[in-house]
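Take a look at the structure set out below.
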Amino acid sequence: MTAVLRVESRKLFRSTLVLTGLLALLSAFFLLVFPSIQAEAELVEQVYPAYMLELLGIEELHTIEGFAGGYIFPFAWVLLGGIYFAYVSAGTISRDVRTRRMDLTLSNPVSRESVVLQKVAALWVPLAGLTIGLAVVLFAGARLLGEPFDPVPLAMVHLLGVPYLLVCAAIGTVLSVTVDRVETAQAAALVLVFSLWLVDGLSHMSPDFEWVSDLTPSRYYDPSAILVHEEYAFGDAGILLAAFLVLLAAAVVIFTRRDI
């Protein structure tokens with residue numbers, strides 16, 4: 001039975017169009033200012049404090065790859081994309097429980113496990129929209145600037161970024177099956193993803209606290225390494241996928257055992 005998947009997929013089309021459009025505009029704006037930053041790349045890198053360079057992964061700003069890895073992806077994909085996936089996921093179960101729509105859904109021949117899995121599977125819509133939209137804007141924009149991307153690293157930075165977004169979605173899903181109030185679940189998801197991103201960057205300020213970054217999902221996704229050095233960390237992507245599966249399994253167990 002895939003009725004839940006179809007319904008949830010349709011619900012996400014509008015927000016996906018809005019998200020993709022906003023991030024495409026943001027990326028286009030960044031590309032417009034790239035020539036001026038390229039001319040002053042060395043000065044910009046000197047002005048930034050060390051922790052900001054770590055936080056954003058800034059290096060080789062004079063290249064389109066370094067600029068995208070240090071500016072566009074940290075904001076458009078890691079921060080805003082991660083927050084969106086966590087926020088949307090945090091409302092999937094909790095909203096239906098709150099409005100009693102879940103009672104109607106479960107009155108049909110569908111298990112609670114299937115409901116959770118189908119709602120998460122519906123995230124293919126924003127995943128596809130964000131991946132295709134951002135890739136097209138970056139590829140076309142870079143060509144217009146005379147700084148074309150190598151299509152292989154550009155494809156890999158999107159592909160290896162999917163597990164990161166899935167972990168953010170799983171965080172939201174766990175909160176969605178745990179917290180009754182929709183607003184509380186979504187606010188907690190937003191704050192948690194933002195905090196994890198911030199902790200990852202700030203933990204590098206002191207060697208004694210670098211281990212903390214190992215607990216953050218953004219630690220395992222480095223756009224600059226992919227775009228600038230063509231380092232494809234499949235092992236890190238595997239860790240994120242494993243974390244996603246663990247969190248998703250936890251969400252399923254919690255939802256099947258809770259009283260709604």
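If you're wondering where the values come from, they're calculated on a predicted model, not measured in any experiment.
- When each of Val177, Thr178, Thr173 is tested with Phe255 by the rule side chain to side chain contact (heavy atoms under 4.5 Å, CB included), just one qualifies, namely Val177.
- Here the OG atom belonging to Ser114 is positioned 11.0 Å from the NZ atom belonging to Lys119, to the nearest 0.5 angstrom.
- With Arg98 contributing its side chain and Ser94 its backbone, the two residues share no donor-acceptor pair below 3.5 Å.
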Could you walk me through whether Phe67 and Val33 pass the side-chain contact (heavy atoms from CB on, under 4.5 Å) check? CA-CA 10 Å; Phe67 179 77; Val33 301; 4.3 Å; yes
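- Applying the side chain to side chain donor-acceptor pair (under 3.5 Å) test to pairs two or more places apart or on separate chains, those with a residue in residues 12-32 are Ser15-Tyr84.
- For the salt bridge (Lys or Arg N to Asp or Glu O under 4.0 Å) test, residues two or more places apart in sequence or in another chain that qualify with Glu183 are Arg181.
- Here the shortest heavy-atom pairing between Trp197 and Ser218 reads CA-OG, 4.0 Å.
- To the nearest 0.5 Å, the span separating CG on Leu138 from CD1 on Ile64 amounts to 8.0 Å.
- Salt-bridge annotation for Arg219 and Asp200: absent, with no side-chain N of the basic residue lying under 4.0 Å from a carboxylate O of the acidic one.
- Minimum heavy-atom separation, Pro35 to Leu145: CG-CD2, 4.1 Å.
- Gln118 has its side chain out of reach of Val115: every pair of non-hydrogen atoms, C-beta onward, lies at least 4.5 Å apart.
- Not a single salt bridge (Lys or Arg N to Asp or Glu O under 4.0 Å) links Arg257 to another residue, sequence neighbours left out.
- Criterion: ILVMFWY side-chain heavy atoms under 4.5 Å apart, direct or through other members. Under it, Leu175 and Leu248 are part of a common hydrophobic cluster.
- Both Phe85 and Phe13 are members of a single hydrophobic cluster when ILVMFWY side chains are connected at heavy-atom separations under 4.5 Å.
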Evaluate the side-chain contact (heavy atoms from CB on, under 4.5 Å) criterion for residues Glu230 and Val152: first the C-alpha distance (whole Å), next the side-chain angles of each, then the deciding distance (0.1 Å), finally the verdict. CA-CA 9 Å; Glu230 298 187 19; Val152 175; over 6 Å; no
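- Scanning for salt bridge (Lys or Arg N to Asp or Glu O under 4.0 Å) contacts around Arg258 gives Asp180, with sequence neighbours left out.
- The heavy-atom pair separating Leu196 from Thr216 by the smallest distance is O-CG2, 3.4 Å.
- Scanning all heavy atoms of the two residues, the minimum distance from Leu23 to Ala76 falls at CD1-O, 3.2 Å.
- Contact annotation: the side chain of Leu123 approaches that of Ser89 to within less than 4.5 Å [non-hydrogen atoms, C-beta and beyond].
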Let's go through Glu231 and Ile226 carefully: what are the C-alpha distance in whole Å and the side-chain angles of both, what is the deciding distance for side-chain contact (heavy atoms from CB on, under 4.5 Å) to 0.1 Å, and is it a yes or a no? CA-CA 5 Å; Glu231 296 176 355; Ile226 298 171; over 6 Å; no
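- Linking Ile, Leu, Val, Met, Phe, Trp and Tyr whenever their side-chain heavy atoms come within less than 4.5 Å puts Phe75 and Phe194 in one cluster.
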Distance-only donor-acceptor pairs under 3.5 Å for side chains of residues 154-171, two or more places apart:
unit_1: His158; atom_1: ND1; unit_2: Leu154; atom_2: O; d: 2.7
unit_1: Tyr164; atom_1: OH; unit_2: Val78; atom_2: O; d: 2.6

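- Remark: Leu31 CG to Leu144 CG distance equals 9.0 Å, nearest 0.5 Å.
- In the model, Trp124 has a side-chain atom that pairs as donor or acceptor with a side-chain atom of Ser9 under 3.5 Å.
- The two residues Ala90 and Ala189 come nearest to each other via the heavy atoms CB-CB, 3.8 Å.
- With hydrogens and angles disregarded, no donor-acceptor distance shorter than 3.5 Å links the side chain of Thr2 to the backbone of Leu5.
- Taking hydrophobic clusters as Ile, Leu, Val, Met, Phe, Trp and Tyr residues chained together by side-chain heavy-atom distances below 4.5 Å, Leu240 shares a cluster with Leu192.
- Ring-plane geometry between Trp77 and Phe73 is classed as tilted, the angle between the planes lying from 30 to 60 degrees on a 0 to 90 degree scale.
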Using the rule given for side-chain contact (heavy atoms from CB on, under 4.5 Å), can you reason through Arg6 versus Lys11, listing the C-alpha separation, both sets of side-chain angles and the distance that settles it, and then say yes or no? CA-CA 9 Å; Arg6 295 195 301 271; Lys11 287 181 181 179; over 6 Å; no
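- When all heavy atoms are compared, the tightest approach of Glu8 to Asp96 is OE2-OD2, 4.4 Å.
- Checked by atom type and distance alone, the side chain of Ser195 pairs as donor or acceptor with a backbone atom of Val191 at under 3.5 Å.
- Val182 and Leu12 fall into different hydrophobic clusters, where Ile, Leu, Val, Met, Phe, Trp and Tyr are joined by side-chain heavy atoms under 4.5 Å apart, directly or via other members.
- Proximity of a side-chain donor or acceptor of Tyr220 to a complementary backbone N or O of Gly235 within less than 3.5 Å is not detected.
- Atom NE2 of His229 is separated from atom OG of Ser224 by 7.5 Å, given to the nearest 0.5 angstrom.
- Without hydrogens or angle criteria, Thr256 side chain to Val253 main chain gives a donor-acceptor distance under 3.5 Å.
- Applying the side chain to side chain donor-acceptor pair (under 3.5 Å) rule to Thr92 yields no partners; only residues at least two apart in sequence or on another chain are considered.
- How far CD1 of Ile72 is from CZ of Phe34: 9.5 Å, rounded to the nearest 0.5 Å.
- Separation of atoms CG (Leu106) and CZ (Arg112) is listed at 6.0 Å; rounding is to 0.5 Å.
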